[in-house]
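Shown next, in structure tokens, is the structure this report addresses.
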Amino acid sequence: MLPLAAYADRLSVRPGETIRFHAANATGQPVRARFVRVICADANPAGPGVSLRTLGSQPHCVSEPVSQHVPRGSYGVVPEVGHYIADGSFSVSVRVFPTLRSERAQTLLSVGGEAGAPGWCLRLTPNGALQLAGTDFELPGTRALPLRAWSVVWFSYDADGQTLTLGNRALPNTLAGAKPADVATCAAPLPKCLSNPRAPLMLAACDAATPGEHFNGKLELPALWRRTLSDEDIAALLSEDRDKAFHDVFACWNLGIRVYSNDLFDVGSQGLNGFLVNSPARAMTGSVWRGQEMNFVNARQEYGAIHFHEDDIDDCCWPVAYEWQVPDDTRSGVYALMLEAGDAQENVPFHIVPPQGESHARLAVLASTFTYTIYGNHARPEYDTDTGWKADWHAQTKAWGCYPHNPGDHKEYGLSTYNHHPDGSGISIASWHRPMLNVRVGYLTYCREAIRGSGLRHFPADSHLLAWLEDRGIDYDVITDWELHHEGASLLRRYQAVLTGSHPEYHTRPMLDALQTYRDSGGRLAYLGGNGFYWKIATSPNKDGVIEIRRGEGGIRAWAAEPGEYYNQFDGEYGGLWRRNGRPPQHLVGVGFTAQGNFQGSYYRRCAAAANPRVSWIFEGIDADILGDHGLSAHGAAGFELDRTDKRLGTPEHALVVASSENHPPDAPWVLVPEEMLTHITTWPGEKPEQLIRADMTFFETPAGGAMFSTGSITFCGSLLTNGCENDISVLVGNVVKRFLDPEPFQMPVD
């Protein structure tokens, strides 16, 4: 773990509100804390460098930070179940879908007391065999459960005969279904560990005091009887007739109920409800799903499974170390808590937004905090290769004085939704309640980029825009995704114009609705990035700062959701691309994601439409036809991820493409997004693949006097700072901002 690490309880705060910071300090040295205003987070010496302004206000120390652990791994808890199995006969069963062979045991169900009190554990051994173990007994294991197939697992304790019986059988609909049941039995007095009345039942982990032995896979229908199970009972459990199988069950937890929550709901006679920890994946296909229904809302009995993982995390649960009630006169902007302990350093960025219902400027910058969280702790695949990439990253980080820690070295804080769980399934839930190492002042995403610029993405890359606004003396407020999601268009309508950063990729439905309402109600929106408005996400209704992504059909993506698991557990809506949900990015901003290459940039060439009086003002003070052949990001304003127009996808008929990129380096290599390819040689729009590799700088007017300007490139904002902000891209964006802040309404063209 890092010697010094921290996170905030929120990514944005208003004057008068309190923001809290959680920190862990393993250095043994006292921690020094201060606040700064962040002007630029790019450590590249070719630009302005990291620029910070120390504040007069200081954080209040609530508790001195000490060493902490990270409680990774999801599981379920049902309190005091031991009371019901403290004496007499009883049985438990559960349906199991293992997804990983591990070097350690993996718990399916356990009953263990608090503070290390005795308990039993139904688990899989490293070779996948089923085993029942406790502090004073161990029942020999049965054969290995098949991976990625459903089995029924059960055990009974017969108090009269003083025998324990353990069994499993693959369900008939699995490839392993032809095998008979595998049963192990032993005679024993009542083990002491079965008689702890306060013991909770745990799903997918053991030891209530320090949960461990986490299970990787799906569980369905855990159940408890206050009797032994007969052969007829076992046969019923293997059938799809749940009424027959559970007709006299004492407790049964239907994991398909309230999947948006962390609740475990008992449909038995006792109402022994429980809760989940660390937000495992819900709305998962269960043992009776046959592919006829893809929406869990319409067939909840077929989606009664939860997929647990040993590395799930939605909150580090560290104590509050510092807090700050933001003074009423604090200017809106990007800030950071700076920590030092001995030689260790840490910083935690956050945003201060105007008081609710107020604005201090006519221009707003929309910070993509949901996108930052979705990418939080992205361990890039090239980092762990044997190509020397890791050594190069650390060398360049040291040379530039960058933030020195990489998520690839510190997976203990949980990875991003661009990574995989140990069982190979994609990570679908992200949280900001943990250190996010790539959301840091001075973080470097790409090494080997010295000849191509800074190698930044997301939070540090977006600071290029803020540094430019500061240099040009343009007054602005910062607002974030959080306020946009919760306040909608009422947040935006206080501003004459709104600018995005470099990569506003992830949005909820309320966010898109707000942006579209603002645009069509006279607002002026400038999309200064690429690959924006692409993926649909859902926010947890139970825990602020927890976000879900289902990577369904289509899209460039690090993993693909399993069939039948495309609907969000948090809101029940179809996930995946906004394009697959009928709202392509072109419909909102005129351009949408078309192609991706390596982190290399090119330039734009002015189009004939640029001479149209509707848009000629954009190029005032610019004589050349070639624009942006420079920049801190990839040494070109058009690079890495590109967006283009397409009228079939929603680009307005009256939209004008004023410049398009060209001459993209062929060694990138460039690929079209999957949704554009129909076969290996034909594309959805009918153009040749190479014709679709371009960024279209686009403008169009909107109803009620509004306007839309889009650049279609992730690296665009990196060109603002070239030559001390004295360059063509700086002039162009300055023209756009000046006109967008002019109250004179734009006029829709007349046919």
Side-chain angles (χ1 to χ4, degrees), residues 2-6 36 38-52 334 336 338-339 343-349 367-368 371-385 387-411 413 415-416 418-419 435-467 501-503 529-530 597-601 631-636 639-641 714-722:
L2 294 177
L4 184 63
V36 298
V38 179
I39 306 303
C40 184
D42 182 359
N44 185 352
V50 170
S51 178
L52 309 173
V334 177
M338 311 296 289
L339 301 176
D343 294 333
Q345 297 183 354
E346 172 68 306
N347 69 80
V348 183
S368 299
T371 296
Y372 301 163
T373 303
I374 285 286
Y375 277 92
N377 288 343
H378 183 199
R380 298 196 61 83
E382 60 265 45
Y383 189 79
D384 287 328
T385 64
T387 61
W389 206 97
K390 179 175 181 178
D392 288 350
W393 187 90
H394 283 281
Q396 186 166 326
T397 293
K398 184 176 181 180
W400 284 2
C402 299
Y403 184 77
H405 306 301
N406 192 291
D409 293 323
H410 295 282
K411 300 179 181 180
Y413 301 110
L415 297 178
S416 79
Y418 280 76
N419 295 115
M436 294 190 293
L437 308 189
N438 56 341
V439 188
R440 293 292 183 261
V441 174
Y443 182 80
L444 178 71
T445 299
Y446 296 104
C447 71
R448 299 178 177 174
E449 303 304 324
I451 62 170
R452 295 197 296 270
S454 302
L456 304 187
R457 295 196 68 190
H458 312 304
F459 169 75
D462 287 348
S463 73
H464 290 152
L465 175 59
L466 300 182
S502 62
H503 191 32
N598 287 340
F599 201 78
Q600 299 184 37
L632 294 181
S633 289
H635 274 324
F640 189 47
E641 294 181 354
I714 264 186
T715 64
F716 182 84
C717 286
S719 297
L720 288 167
L721 302 183
T722 304

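Side-chain atoms of Asp409 and Tyr383 form a donor-acceptor pair, as typed in the model, at a separation below 3.5 Å.
Here the closest heavy-atom approach between residue Ala6 and residue Val348 is recorded as CB-CG2, 3.7 Å. Counting all heavy atoms, side chain and backbone alike, Tyr443 lies closest to Leu456 at O-CD2, 3.3 Å. When all heavy atoms of Arg440 and Pro460 are compared, the pair lying nearest together is O-CG, 3.6 Å.
Inter-residue side-chain proximity for Lys390 and Asn406 is flagged as unmet; no heavy-atom pair is nearer than 4.5 Å. Two residues are said to be in side-chain contact when any heavy atoms from C-beta on lie closer than 4.5 Å; Tyr375 and His503 meet this criterion.
Judged as a side chain to side chain contact (heavy atoms under 4.5 Å, CB included), and not counting sequence neighbours, the contacts of Ala46 are Asn44, Leu632. Legend: residues meeting side chain to side chain contact (heavy atoms under 4.5 Å, CB included) with His410, ordered by chain and number and at least two apart, are Leu2, His405, Glu412, Tyr413, Leu437. For Asp392, the side chain to side chain contact (heavy atoms under 4.5 Å, CB included) test picks out Cys447, Arg448, with sequence neighbours left out. Residues passing the side chain to side chain contact (heavy atoms under 4.5 Å, CB included) test with Asp462, sequence neighbours excluded: Tyr372, Ser502. Every residue meeting the side-chain hydrogen bond (donor to acceptor under 3.5 Å, both in side chains) condition with Glu382, not counting sequence neighbours, appears here in chain and number order: Arg380. Not a single side-chain hydrogen bond (donor to acceptor under 3.5 Å, both in side chains) links His458 to another residue, sequence neighbours left out.
Side chain of Asn377 to main chain of Pro435: a donor-acceptor pair is present (N/O by atom type, distance under 3.5 Å, no hydrogens or angles).
Rounding to the nearest 0.5 angstrom, the gap separating the CZ atom in Phe599 from the CD atom in Glu641 is 9.5 Å. Here the CE-CD distance, from Met338 to Gln345, works out to 7.0 Å after rounding to the nearest 0.5 Å.
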